[in-house]
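Report on the following structure.
Counting starts at 1 for both ligands and their atoms, following the listed order.
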Amino acid sequence: MTQATSNGGLSRTQLRCVVCDASRAPDLGAACHICGGTLAAQVEAPVLPEGRAAFYDYAEALPVGDVRITLGEGGTPLIPLDRMFPDGGVYVKAEWMNASGSFKDRGAAVAVSAARALGAKGVVCASTGNNAASVSAYAARAGLPCIVALAKGTPPGKLVHSKANGAIVVEVDGTFSDAFRMAETIAAEHSDWVNLTSTYLSPYMTAAHATIMWELQAELGEVGSVMIPIGAGPMLDGIVAGAEVLLAQGRIARMPVPVGVQGAGCAPIARAFDEGADTVDEWSDAVTGMPGSINDPLRGYASDGTRTLKRIRGADGHAVAVTDDEIRSAMLDLGRLEGITAEPAAIAALAAYRKLEDKLPKPAVLILSGHILKDVPAQAAGELESIAVSPDLATDEIIARALDAFNG
Ligand SMILES: [Zn+2]
């Protein structure tokens, strides 16, 4: 397409409500105009490239139009874990290798591209973590102002990415929920600003995660199961939607089993799954545990969790909670045996696979969602003992002690 159109070249995209099925042409809104439900961005007659492809080679199957903002996202390595699993068939998808260090770049690329194509004047998000880092980067790249709303007293280390990307950081005198509502209000009262707070508020962002599934299929053919760290769960939704496209086009013969992974200290979706419930309740207990970037209690938007639960059940998947001890042990083994590190929320995918391994078909893929330096695992690092030596200790002795530790 060479000429910009009134809908930015998004003419094959429809926004469809996942609750009441109402649909409309693409716009910057975050919810259904009839019932307020969350939206899915669906592309009519999606065309997928043959074989391995770069991110925007999937454009004919994504809700993007004339504008394609990029920082080289997607195309992340698929690495076999042959030392940990000598029988083979277990892989990690290295999502930490995206430009801002997490899988969020796929969603931000598509959502910011669509926002600019649809005439947005700016983007806003409430986040302190991976999403703010990613959205602020793509907004800068698109030449759009970006407001990051967060609770007053957020540690400065959490703001480095956003501030360096030129985002306007607004510290709300209240909790994160107040910041969340402020982002919502800004977009509601200024319809040319788009709210890219994570969760299901951006159907473009959610849809972009299908590219993970398409890349897996291009490399592996059939995919047996996928371990996906989830807060509210839009990455899981996008991956299952991507698998549905592959199934409809006859590129795979069966749906992969999706496994939604949460930390035991904040596991509203896994709890609902275990209880056999049809809906997810918000997590009213204290939020605790290592995997900070998936600790989402869903307060005020538990229906997002219900959307993910339905996706999991619809694909005969599982939801599982893993403990800090299981994450810590998985982290140490993955680093020691494979030379691979990631943030605790990502490592939770490996901890979950170890629990469910016997039930899951191969090839099995663990989505390692973010870089280890995104969320420095102080609790794990505390266990990694150094060897104290004096400056004049004989080198033979240093090597002997190092080998003792290695062979542990
Ligand atoms: Zn609706």
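- Within the structure, salt bridge (charged side-chain N to carboxylate O under 4.0 Å, His left out) contacts touching residues 223-236 (residues at least two apart or in different chains) do not occur.
- Looking at residues two or more places apart in sequence or on another chain, you find no side chain to side chain contact (heavy atoms under 4.5 Å, CB included) involving S191.
- Shown here are the protein N/O/S atoms lying under 2.8 Å from the Zn ion (ligand 1), water excluded: C17 SG, C20 SG, C32 SG, C35 SG.
- The side-chain heavy atoms of I372 and E343, taken from C-beta on, include no pair separated by under 4.5 Å.
- Salt-bridge check for E219 with R52: passed, with a basic side-chain N closer than 4.0 Å to an acidic carboxylate O.
- For F180, the ring-ring contact (aromatic ring centres under 6.0 Å, His included) partners at least two apart in sequence or on another chain are Y301.
- Between Y204 and A41, the closest heavy-atom pair is N-CB, 4.3 Å.
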